[in-house]
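What follows is a set of notes on a single structure, which appears directly below.
These numbers come from a predicted model, not from an experiment.
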Amino acid sequence: SPDGGTVRAAPIGDAARVDAAVARWRAAVEAPRAGTAGARQAWTRAGAALRRLVWDPLAATVGDARLVLVVPDGRLQLVDLAALPDPHAPGRFMLERGRPFFYLSAERDAVEPAAAPAGGGALVMGGIDYDGEAVDAGAGGGPVAAWRGPTPACEDFAGLRFEPLPGTGRESDEVARLLAAVPGPAPRVLSGAAASEAAFKRDAPRSAIVHLATHGFYLDRGCAPRQDVPAEISSSPLLRSGVALAGANRRGRGAGSEDGILTAEEIASLDLTRTSWVVLSACHSGLGEPADGEGVLGLRRAVEVAGARTLVLGLWRVGDDASRRWMRALYTARVRGGRDTAHAVMEASLAELAECRRRGEPLVPSRWAPFIAAGDWR
């Protein structure tokens, strides 16, 4: 701190009490009728109670800091502090106080110097064909991962079907147009049957930016385990989370080496140390199994293990069109506005919040603050 390095501690109470408050707020926000007046009161009250527990004890110490770096643990990793109600302005949110909250995996991330990405260009995937057979468009003879990990070992996974997401095609086109202004190779845009596992595994490790607009999934620990796999596999959160790519709805029917399901375990095996940004524009891509001192075991942990410097991911179920608008605002702030990651995320959420107010839509946090960023805030 500016006064010479004094460390100040502010106890926030019993972990079970905090976890319960997180669960109540998340359940209220994701309730099916969260936009109704009664539900709005419920998630506002739950959000205020959570803020009083985990933020109010710190507020005086943080003071007027321009950037708040947060290293959460346990279930606090599933909370976006910016989406909690502002204690001083009814109907407003912490986001609107004009300073970003940015999430770190560990305290050391605050002092590690930023490294220029060694990868080139961007890989953008969207408008994916989940029903067709995946094809590999090739990329100049680059290597393709020759292995495939096991599919999620839950019986519940067999019933998952991934519906088309028309907005993701528009989103990938808009993102690519914005990134085309960045010096360097033109963005590589893959859609339809070409947005395959093989293409992702080959192209992502050599790209500075990876943007993936698709379905994400996380199957909680209560899912029914398959009987044909060992218990240690069926219980792995890295095999209960992932994203859908081309041919995902054909899994189990093809003879190829990939099934269209990119699990967190497969992502963790990649080398993304040349990648500065991984953006998972998908519902619940930031969820997983919170582990004390270990982060969120799922896609979030997988991208960190793979070595990417910064990831943008979703904590909520998010609409196709709302996600597209948020991502457009994110890249506009980053590319055209020259904002650092922390402020680009804040500006994207502010833009979507303003749009919700303009349209007279319910201000449920999952609508205007669907994504957070973690890693390097610069």
Is there a side-chain contact between [X] and [Y] (heavy atoms, below 4.5 Å)?
X	Y	answer
Val345	Phe371	no
Arg300	Leu311	yes
Leu287	Arg26	yes
Val312	Leu280	no
Trp316	Val364	no
Leu95	Leu353	yes
Thr263	Leu238	no

Any luck finding a side-chain donor-acceptor pair between [X] and [Y] under 3.5 Å?
X	Y	result
Ser285	Tyr218	no
Tyr331	His211	yes
Trp277	Thr341	yes
Glu171	Ser281	yes

Is the shortest distance from a Lys or Arg side-chain nitrogen in [X] or [Y] to a carboxylate oxygen in the other one below 4.0 Å?
X	Y	value
Arg177	Asp173	no
Arg378	Asp340	no
Glu347	Arg99	no
Glu361	Arg367	yes
Arg188	Asp203	yes
Glu163	Arg161	yes
Lys201	Glu258	yes
Arg240	Glu289	yes

For residues [X] and [Y], report the shortest heavy-atom separation together with the two atoms involved.
X	Y	answer
Leu179	Pro187	CB-CG, 3.8 Å
Leu165	Thr168	O-OG1, 2.7 Å
Ala199	Ala194	CB-O, 3.8 Å
Val189	Ala176	CG2-CB, 3.5 Å
Cys356	Leu363	CB-CD2, 3.7 Å
Ala264	Leu299	CB-N, 3.8 Å

Please round to the nearest 0.5 Å and tell me the distance separating atom CZ of Arg24 and atom CG of Asp19.
->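 Taking CZ in Arg24 and CG in Asp19, the distance rounds to 10.5 Å.
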Verify whether the ring centers belonging to Phe101 and Trp377 lie closer than 6.0 Å.
->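 Ring centres of Trp377 and Phe101 not closer than 6.0 Å.
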Answer yes or no on whether Arg51 is positioned over the face of Trp25, meaning its NZ or CZ is under 6.0 Å from the six-membered ring centre and within 45° of the axis.
->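 Verdict for Trp25: no cation-pi partner in Arg51.
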Parallel, tilted or perpendicular: rings of His215 and Phe162 (30°, 60°) =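 Plane angle between 30° and 60°, so tilted.
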Check the pair Leu212, Phe200 against side chain to side chain contact (heavy atoms under 4.5 Å, CB included), reporting the backbone distance first and the verdict last.
-> CA-CA 9 Å; Leu212 185 53; Phe200 183 91; 4.1 Å; yes
Decide yes or no on ring pair (Phe, Tyr, Trp, His ring centres under 6.0 Å) for Trp368 and Phe93, but give the supporting numbers first.
-> CA-CA 11 Å; Trp368 49 266; Phe93 301 89; 4.6 Å; yes
